[in-house]
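Data block below; observations after.
The model shown is predicted, which means the values in this text are computed figures rather than measured ones. Numbers here are sequence positions counted from 1.
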Amino acid sequence: MLLMGIPPFLSAQEKKPKVVVVLSGGGAKGIAHIPFIQTLDSLGIVPDLVVGTSMGSIVGGLYAMGYSGDSIANIALNANWDKLLSGDISLSDVSVEEKSEFKKYLVNLDLKKGKPQINDALVNDQNLREFLSLLTYPVYRVNDFDKLVIPYRAIATDIVNGKKVIIDGGSLLVAMRASMSIPSIFKPVSYENTLLVDGGILDNFPTDVAKEMGADIIIGSDVGGGMAPIEKLDNIATILFQTGMLTSNLINPENRRLCNILIDHIPNLSYSTGDFSKSREIYEEGKIATLQNKGALVELSEKLKDYPKRSHELPDVEPEFILDTIIYKNISEDNLKLVKARTNIETNKKYKPEALIEGIDRAMGTNLFRQITFASYTRDNKLGIEINGFEKSKHQLNGSLHYDAYRGVGLILNYTGRNTIGEASRLLLTLDVAEQPHFRTQYQKNFGDQKEWWWRSEIYGEQLKQKVYIGGSATDDMKYRYFLYDNELNKNINSLKSYVGLGINYNYTEISPKIDPDIEDNILSLKDYFSNNIEVYAHYLRNTLNDVFFPTKGSFFNARVGRSLLNDVNLSFSDIDLTGVKGSTNGFTKFSAEFEERIPFKEKITGIFGASFGFIFEDQLQSNDVSFTDYGYAAKYFLGGNMVTPNKDSYMFTGLRDDELNLNQFIKLNIGIQLNPIKKVFITPHFNIASVGFDDFSIYIKDAFSPNGEWQELIETSMLLSTGATFSYRSPLGPINFDVSWVNNIDKVRLTFSVGIPINRSN
């Protein structure tokens, strides 16, 4: 009887059906696969092979390496898809010496052989790759996909040779990423001397691959669908999509017929491939078709109970790894030392995967690369990593538009040259073509073993129409010309957060009436005002804000102390009864600081707390000195406006016009709440208060906290107040801002409107 029982047992083992799960592509709709995976878990069905295309390769790859359906659901539903698919790195991940130029242009073009080159992809997948690299870390040593917890295949398209590629080994991260490389959206993936793009182009629902690999039972989950009907081909997007998927769509009906169990999500899905923001809704819709087929899945589960079942759990790996080899590819010699210094990754040291990501992000923060990819590999039981750089061109053209009701419209044109004058260097040539033009030439170079020291030289100039305000009302227009030559030597304390430095600058200011006073006199009877100033200074800057516009967390702090070595003024009047002034003012020292903290109260609510001050300490006035308090206009502080201006002595005060208030001393506090009720829409109620003074610090400090003057009279220490709200929209042209603010003493409500990105200060 024992001998008679053995053959049937062996026969049962030999006839165990090969169960294959196939997951189609479909972008965001692929999230509907997850309830199906959860149902397989609940029924104890573990397939013998998983085959996936595009988003199906992502869900399928995670499932094959050991993640449960519940874990995959948690990952997908809590992922920040906007960040993952935007490709933008956070401002907090940008090197401190590069923050001033980060996201300051709308158009960025590489110049190659003298011709502008458009990017080969709309989306930078840097964040997505890093996200997937952390998720796939438990199998970083697995190069054969048959050795995963569940054998796995990813489908991609070879666009060099025009054929389908079934990826069965190598880096799981690379396989998943290659399978979802939608042409023109994502950059193609380099793979074995060819380029791979989305597998959905040739086989979006690869049940035929499962059949070729010996599947006895195919369970297919399809979110893609076949050919769209004529009534839906009514716009360029759907027409292009159908054209690109033509081959795949033609074989889709036959591939669906290969399924023993077909989870057809298509009738139940109401969202498109790009609706990742609707992931929870798509997930719920994915439950419908799964529930409709649960009976068939339960029946299959019962049939498989008599057979041995694969264990399904994530491999247990050490939380740290040691690299035996590091290979840098496609990184020029000019940039390699800086990249190595910023990644700070070495062999024979222990690292957590997060540390590797942080190193890559620091290298990306140099703003030298459009992307840095990496992949691990094992040879002879040794672990290596290959870091592949996609450098921006040495020559770049950038541009943006801006408009505000006070300064008018302008077109900013920028040339950025990398390593054109020495390694680890940057050259900027920027011109604001406008009625009120600006220009900036800047040279910057990193040096030292860790490239933590850097030198910056800058020439900046502007020609503005500056209104004269008396009693809060504009009374005259002046021509304002400003020129700055500045040199700094800085040392990074933290390459992403802070630096300290010394500098020396020369600046020249000229103010004259817009209309010749011989034709029409102005309210100040001014003919000309000239100022020359040489200053030495020390400064410290720390910036951890997470965005250039509308940051939601982080802080900014900038402190500066400067000493004037020379301050000459030359003032002449059109009124013959007024005596001109010419000479050097008494010496002075300036000390200023600015702080802002952004605190996320909730996902859509951010608190804003800010404080700043500026003090001028004057030397005793000598008999041959010109009074700085009376005539040092150009070297004083300026208050006003709701945008940062290039002048480092200028501070925002919403409700006032740009640089409306000229003063010697101030202490300012501001609070606000940034609300984000709708995507890209922001509402920011704000309150500003300042104690302002127009004389030496010793006089100001007596009344600084009990000011009694009227600030618009420019005489006594005064309290300045404003309150209002800014309504903003993050547009393709840059921020659109409309502000309504009330200002005390003049009792006026002022409106301000601006669009785009104006030229900004260099730190």
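Looking at Val755, Thr726, Leu751 one by one, the single match for side-chain contact (heavy atoms from CB on, under 4.5 Å) with Phe738 turns out to be Leu751. Here the options are Lys748, Arg750, Lys467, the test is salt bridge (Lys or Arg N to Asp or Glu O under 4.0 Å), and the partner is Glu660; only Arg750 passes. Checked options Phe666, Phe591, Phe595; the residue passing with Phe613 is Phe591 (criterion: ring pair (Phe, Tyr, Trp, His ring centres under 6.0 Å)).
Pairs of residues two or more places apart, or lying in two chains, never qualify as ring-ring contact (aromatic ring centres under 6.0 Å, His included) while including a residue from residues 699-720. For residues 713-723, the set of pairs meeting the side chain to side chain donor-acceptor pair (under 3.5 Å) definition, not counting sequence neighbours, comprises Asn688-Ser722. Residue pairs meeting the ring-ring contact (aromatic ring centres under 6.0 Å, His included) criterion with at least one member in residues 484-507, sequence neighbours excluded: Trp454-Tyr499, Tyr499-His539. Screening residues 636-646 for side chain to side chain donor-acceptor pair (under 3.5 Å) gives Lys636-Asn664, Thr645-Ser650 as the qualifying pairs, with residues at least two apart or on separate chains.
The CD atom of Glu510 lies 10.0 Å from the CG atom of Asn570; values are rounded to the nearest 0.5 Å. Rounding to the nearest 0.5 Å places OG of Ser531 at 8.5 Å from CD1 of Ile511. Expressed to the nearest 0.5 Å, how far CG of Asp476 lies from CD of Gln466 amounts to 12.5 Å. With rounding to the nearest 0.5 Å, the separation of NZ in Lys445 from CG in Leu427 is 13.0 Å.
In this structure, Asp449 places its CG atom where only 12 or fewer heavy-atom neighbours from other residues, nucleotides or ligands lie under 6.0 Å away.
Ring geometry for Tyr529 versus Tyr633: interplanar angle over 60°, hence perpendicular rather than tilted (30 to 60°). Using the six-membered ring where Trp is involved, Tyr540 and Phe557 have ring planes that are tilted, between 30° and 60° apart. Classification of the Tyr480-Phe638 ring pair by plane angle, with boundaries at 30° and 60°, yields perpendicular.
One side chain, Asn490 or Glu488, offers a donor N or O that lies under 3.5 Å from an acceptor on the other. For the 3.5 Å distance criterion, the side chains of Asn367 and Lys392 qualify, holding a donor opposite an acceptor. Residues Arg542 and Ser555 bring no donor and acceptor atom of their side chains to less than 3.5 Å of each other. At a cut-off of 3.5 Å, with distance as the only test, a side-chain donor of Ser457 or Asn487 sits close to an acceptor on the other residue. Defined by atom type and a distance below 3.5 Å, a donor-acceptor pair is present between the side-chain atoms of Glu97 and Asn446. Side-chain contact annotation: Asn414 with Thr416, donor-acceptor N/O pair under 3.5 Å present. In summary, the side chains of Arg598 and Gln674 do present a donor paired with an acceptor at a separation below 3.5 Å, with no hydrogens or angles considered. If you check the side chains of Thr441 and Glu458, you find no donor sitting under 3.5 Å from an acceptor.
Between Arg730 and Asp547, at least one side-chain nitrogen of the basic residue sits less than 4.0 Å from a carboxylate oxygen of the acidic one, meeting the salt-bridge criterion. A salt bridge does not link Glu101 to Arg418: none of the charged nitrogens lies less than 4.0 Å from a carboxylate oxygen.
Side chain of Ser627 to backbone of Asp630: a donor-acceptor contact under 3.5 angstrom is found. Looking at Lys99, its side chain does come within 3.5 Å of a backbone N or O of Leu496 through a donor-acceptor pair.
Asn505 has its side chain within reach of Leu484: a pair of non-hydrogen atoms, C-beta onward, lies under 4.5 Å apart. Contact check for Gln444 versus Gln442: side-chain heavy atoms found under the 4.5 Å cut-off.
Shown here are the side-chain contact (heavy atoms from CB on, under 4.5 Å) partners of Tyr729, two or more places apart in sequence or in another chain: Lys680, Val681, Ser731, Ile736.
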Please report, to 0.1 Å, the donor-acceptor pairs under 3.5 Å made by any side chain of residues 560-569, with sequence neighbours excluded.
unit_1: Arg560; atom_1: NH2; unit_2: Glu535; atom_2: OE1; d: 3.0
unit_1: Arg563; atom_1: NH1; unit_2: Phe588; atom_2: O; d: 3.4
unit_1: Arg563; atom_1: NH1; unit_2: Thr589; atom_2: OG1; d: 3.0
unit_1: Arg563; atom_1: NH1; unit_2: Asp619; atom_2: OD1; d: 3.3
unit_1: Arg563; atom_1: NH2; unit_2: Asp619; atom_2: OD2; d: 2.5
unit_1: Ser564; atom_1: OG; unit_2: Asn533; atom_2: OD1; d: 3.1
unit_1: Ser564; atom_1: OG; unit_2: Leu566; atom_2: O; d: 3.3
unit_1: Asn567; atom_1: ND2; unit_2: Thr585; atom_2: OG1; d: 3.1
unit_1: Asp568; atom_1: OD1; unit_2: Ser584; atom_2: OG; d: 2.2

